[in-house]
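Just follow the structure's listing: the first ligand is 1, and inside any ligand the first atom is 1.
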Amino acid sequence: MATEAPRLQSMKAEYLLYDDLNVVVVDWLSGSGPPYTQAVANIRLIGAIIGRLVLDLEEYFGVPPSAVHLVGHSLGAQLGGYTGEYLKGRGAKLGRITGLDPAEPYFEGTDPVVRLDPLDATLVDVIHTDAGPIITGGMLGSRVCLRPVGVACGSGVCLRPVGPVVSELRLGRA
Ligand SMILES: [Ca+2]
């Protein structure tokens, strides 16, 4: 994790400046490298491992899954969807998932079971900063809005934002 460690440690330090939290940084650098298709496949297992960790936190330390907030970027954002699915399959639900520019290739238009979706946690919010067609701009971020059920989403696709935009805040069903 040599190249990622300073950035992730910096992020952890920033979180701790603002609140009394326990921060767990997941090092999956060895599974996130090329080829991209392998990294896409790897997140299913890593998401399940994180889900197991969340259940262990509850069993051994009394931390309910509803108190856990996952934050992931690109494939890490889609990975959070797998964690949410893993927990839902075991009668638990994450409190929150924040997806930062969820990866688009191999996810857009797929079943919600294999991507981040609004039902993967009680609150799922997504911040898009690089959404756009990969063939025109080399962007990898998903353009799909994750709107609350019943809220219109226009064409179903967010336009490429100028800056960070929170495209969705959703309070899920208990
Ligand atoms: Ca999902």
* **Val114 backbone or side-chain N/O/S under 3.0 Å from the Ca ion (ligand 1)** => no
Taking the Ca ion (ligand 1) as the apex, OD2 on Asp117 and OD1 on Asp120 give an angle, to 10°, of 80°
Rounded to 10°, the O/Pro112 to the Ca ion (ligand 1) to OE2/Glu85 angle comes out at 90°
- Output yes when a side-chain donor or acceptor of Arg96 lies under 3.5 Å from a complementary backbone atom of Leu123, and no otherwise. no
Partner of Ile50 under side chain to side chain contact (heavy atoms under 4.5 Å, CB included), picked from Val26, Leu87, Leu55, Ile43, is Val26
| task | Would you confirm whether Lys88, through its side chain, and Leu119, through its main-chain N or O, come within 3.5 Å as a donor-acceptor pair? | result | yes
- Counting backbone and side chain alike, does Gly84 bring an N/O/S atom below 3.0 Å of the Ca ion (ligand 1)? no
Hey, are Thr98 and Asp125 close enough side-chain-wise for a donor-acceptor pair under 3.5 Å? yes
